[in-house]
Amino acid sequence: MKGKGFFGSPYNGTSQFWKGLHKVKHLFQWGAEYIVRKGDRTRFWHDAWIGGMPLKIQFGSVFEICQKADAMIRDFWNAGEWDIPLRSLHGAILQEW
């Protein structure tokens, strides 16, 4: 996955050493915060780029209804405003929201 960096890369088909690193990479993510430039290398929900932890942890209820769970930051920034697509809210989800 070119351009995704270590935290966004898969480990299938790699060496035992690389697979071992991937098994513990979540431990390194908790202490790291990304510097966002163009937003094309930082995952909106999964990387800690604001608030010290991933937004999927900070806003779990919103993450559950997002349409693009693996999107990059730039995918949601449109003409100077945030445009974050969410599934339609209805039934029990709407009441919880």
Side-chain angles (χ1 to χ4, degrees):
M1 298 179 91
K2 188 177 179 181
K4 301 262 184 194
F6 171 69
F7 294 114
S9 66
Y11 64 86
N12 296 342
T14 61
S15 69
Q16 289 298 101
F17 174 75
W18 195 247
K19 286 181 182 182
L21 285 177
H22 276 275
K23 286 182 181 179
V24 297
K25 71 181 177 182
H26 66 280
L27 299 174
F28 293 100
Q29 279 184 296
W30 284 100
E33 193 162 299
Y34 286 74
I35 296 173
V36 178
R37 290 185 174 89
K38 293 188 235 176
D40 60 342
R41 298 182 133 209
T42 307
R43 298 173 300 164
F44 185 86
W45 294 106
H46 298 280
D47 295 329
W49 61 278
I50 188 169
M53 67 178 68
L55 291 176
K56 73 177 188 174
I57 304 297
Q58 294 182 58
F59 304 101
S61 298
V62 179
F63 177 71
E64 290 295 322
I65 61 171
C66 74
Q67 288 185 353
K68 298 179 179 180
D70 292 322
M72 306 306 268
I73 290 174
R74 73 168 179 199
D75 297 333
F76 295 150
W77 187 249
N78 185 13
E81 294 185 14
W82 291 110
D83 184 12
I84 304 167
L86 303 174
R87 293 185 307 218
S88 62
L89 301 175
H90 59 278
I93 295 173
L94 178 60
Q95 287 197 341
E96 181 181 339
W97 183 253

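- Lys68 has its side chain within reach of Phe76: a pair of non-hydrogen atoms, C-beta onward, lies under 4.5 Å apart.
- Between the CD1 atom of Ile57 and the NE2 atom of His46 there is a distance of 10.0 Å, given to the nearest 0.5 Å.
- Listed for the Trp45 side chain is no donor-acceptor partner under 3.5 Å among the backbone atoms of Pro54.
- The CG atom of Asp83 sits 11.0 Å away from atom CH2 of Trp77, with the distance rounded to the nearest 0.5 Å.
- Note that CZ of Arg43 and NZ of Lys56 are 7.5 Å apart. Values are rounded to the nearest 0.5 Å.
- Annotation: side chain to side chain contact (heavy atoms under 4.5 Å, CB included) contacts of Glu81 (sequence neighbours excluded): none.
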message: Could you go through Asp40 and Met72, starting from their C-alpha distance and side-chain angles, then the distance that decides it, and tell me whether this counts as side chain to side chain contact (heavy atoms under 4.5 Å, CB included)?
response: CA-CA 6 Å; Asp40 60 342; Met72 306 306 268; 5.6 Å; no
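- A distance of 15.0 Å separates CZ in Arg74 from CZ in Arg37, rounded to the nearest 0.5 Å.
- None of Asp47, Thr42, Ile50 except one satisfies the side-chain contact (heavy atoms from CB on, under 4.5 Å) rule with Ile73; the exception is Thr42.
- Residues satisfying the side chain to side chain contact (heavy atoms under 4.5 Å, CB included) test with Gln58, not counting sequence neighbours, are Met53, Leu55.
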